[in-house]
Enquirer: 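Right, I'll just put the structure down here and ask away after.
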Amino acid sequence: MRRRKPFRAALACTLAAGLVLGAAGCAGSNSVADRTYRGVLAPPSVTPGVPPDPTTTAAPAPPGFETPLAGWVDRPRRFGVTLWGSSSCPAVPTRMEVEARDRVSITFEPAGQQACTADLAPTSYEFTAPSGADTVPLTVVLTDAQGRAADTFVLD
């Protein structure tokens, strides 16, 4: 009887290395987010839109399914954004720019060239407010890869 344990060990190591390298290829290492996780931001968060009229006291409508969210994680140092998309290929925040002392823009790009599931799941991203954008309220503008503004949030 022959012993095949060295072969099995080599096969296991090769498979493990392949899984690690494959996962790293999809991880989106060029993300500017401090933290990325599945699920939505904890309240309070705001939906995109124009700043509320200070003369009204009406509360904004609650967010619906697929509605992007943004909110303070640790006011005024850290904020988060939740986007909806494929759970296997969530968008990647690739650039954050200070546009003014009270305004930042974050560019989100597609996750890559791999095949993606056709489901719709929330992915949240947390960011440190960059130096130079250190006021409250803070306007956060989400842009696509071509620089077009998609959503605007005002974080009070």
Side-chain angles (χ1 to χ4, degrees), residues 16 18-156:
L19 288 173
V20 168
L21 291 174
C26 299
S29 61
N30 58 347
S31 175
V32 296
D34 298 328
R35 182 175 174 225
T36 301
Y37 54 91
R38 301 278 187 243
V40 297
L41 290 171
S45 55
V46 294
T47 56
V50 294
D53 181 351
T55 62
T56 65
T57 57
F65 185 62
E66 301 179 37
T67 302
L69 301 171
W72 290 111
V73 175
D74 181 16
R75 185 179 184 219
R77 293 182 293 263
R78 293 179 50 78
F79 63 92
V81 173
T82 298
L83 298 179
W84 293 81
S86 171
S87 64
S88 63
C89 303
V92 178
T94 57
R95 184 175 42 242
M96 180 167 39
E97 296 178 11
V98 176
E99 295 181 350
R101 190 160 182 238
D102 64 346
R103 185 179 181 97
V104 297
S105 67
I106 303 171
T107 301
F108 282 85
E109 297 185 21
Q113 303 302 320
Q114 72 269 19
C116 301
T117 56
D119 60 346
L120 201 56
T123 301
S124 293
Y125 309 88
E126 292 183 8
F127 304 91
T128 299
S131 61
D134 52 1
T135 65
V136 175
L138 178 65
T139 300
V140 177
V141 179
L142 307 184
T143 63
D144 64 15
Q146 287 73 39
R148 295 181 297 242
D151 294 297
T152 301
F153 303 90
V154 177
L155 308 180
D156 289 324

Enquirer: What closest approach, in Å, do V40 and P122 show between heavy atoms, and which atom pair accounts for it?
Expert: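 In terms of heavy atoms, the two residues are closest at CG1-CB, 3.7 Å.
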Enquirer: Kindly say whether T117 contributes a backbone atom to a donor-acceptor pair with the side chain of S88 at under 3.5 angstrom?
Expert: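 Yes: the side chain of S88 pairs with the backbone of T117.
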Enquirer: Would you compute the distance between atom CG of L69 and atom CG of D151 and round it to the nearest 0.5 angstrom?
Expert: 10.0 Å
Enquirer: Give a yes or no on whether the backbone of D156 and the side-chain of R75 come within a donor-acceptor separation of less than 3.5 Å.
Expert: yes
Enquirer: Give the minimum heavy-atom separation between S86 and C116, together with the two atoms involved.
Expert: OG-CB, 3.5 Å
Enquirer: Taking the side chain as C-beta and beyond, is there a heavy-atom pair between V92 and F108 under 4.5 Å?
Expert: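 Not in contact.
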Enquirer: Look only at the side chain of R38 and the backbone of S87, and say whether a donor-acceptor pair between them is shorter than 3.5 Å.
Expert: yes
Enquirer: Between T82 and L41, is there a donor-acceptor pair closer than 3.5 Å when you use the side chain of the first and the backbone of the second?
Expert: yes
Enquirer: Start with the C-alpha distance between M96 and S105, add both sets of side-chain angles, then the distance that settles side-chain contact (heavy atoms from CB on, under 4.5 Å), and finish with yes or no.
Expert: CA-CA 6 Å; M96 180 167 39; S105 67; over 6 Å; no
Enquirer: Between P76 and A129, what is the shortest heavy-atom contact and its length?
Expert: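 Looks like O-CB, 3.7 Å.
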Enquirer: For the residue pair V73 and G80, what are the closest heavy atoms and their distance?
Expert: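 For V73 and G80, the tightest heavy-atom pair comes out as CG2-N, 3.7 Å.
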Enquirer: Go through the steps to decide whether T143 and T107 satisfy the test side-chain hydrogen bond (donor to acceptor under 3.5 Å, both in side chains), and finish with yes or no.
Expert: CA-CA 5 Å; T143 63; T107 301; 3.0 Å; yes
Enquirer: Which heavy atom in L83 sits nearest to a heavy atom in A91, and how many Å separate them?
Expert: CD1-CB, 4.5 Å
Enquirer: State, yes or no, whether a side-chain contact exists between R101 and D134 at a heavy-atom distance under 4.5 Å.
Expert: yes
Enquirer: Give the intermediate values and the outcome of side-chain contact (heavy atoms from CB on, under 4.5 Å) for residues V140 and T152.
Expert: CA-CA 6 Å; V140 177; T152 301; over 6 Å; no
Enquirer: Is it the case that the side chains of T128 and D34 hold a donor-acceptor pair, with the cut-off being a distance below 3.5 Å and no angle test?
Expert: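 T128 and D34 do have a side-chain donor-acceptor pair below 3.5 Å.
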Enquirer: Take V141 and F153 through the side-chain contact (heavy atoms from CB on, under 4.5 Å) test and state the conclusion after the steps.
Expert: CA-CA 6 Å; V141 179; F153 303 90; over 6 Å; no
Enquirer: Can you tell me how far apart CZ (R78) and CZ (R35) are? Round to the nearest 0.5 Å.
Expert: 8.0 Å
Enquirer: Under 6.0 Å between ring centres, would you say that holds for Y37 and Y125?
Expert: no
Enquirer: How long is the span from the CG atom in L155 to the OG1 atom in T135, to the nearest 0.5 Å?
Expert: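 Those atoms lie 10.5 Å apart.
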Enquirer: Hey, could you give me the CD/OG1 distance between E126 and T36, rounded to the nearest 0.5 Å?
Expert: 9.0 Å
Enquirer: Without swapping roles, check the side chain of D144 against the backbone of R148 for a donor-acceptor pair under 3.5 Å.
Expert: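 Such a contact is found between D144 side chain and R148 backbone.
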Enquirer: Can S124 and V81 be said to form a side-chain contact (heavy atoms from CB on, under 4.5 Å), step by step?
Expert: CA-CA 6 Å; S124 293; V81 173; over 6 Å; no
Enquirer: Identify the two heavy atoms, one from P137 and one from D102, that lie closest to each other, and give their separation to 0.1 Å.
Expert: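 Heavy atoms only, the tightest pair is O-CB, 3.7 Å.
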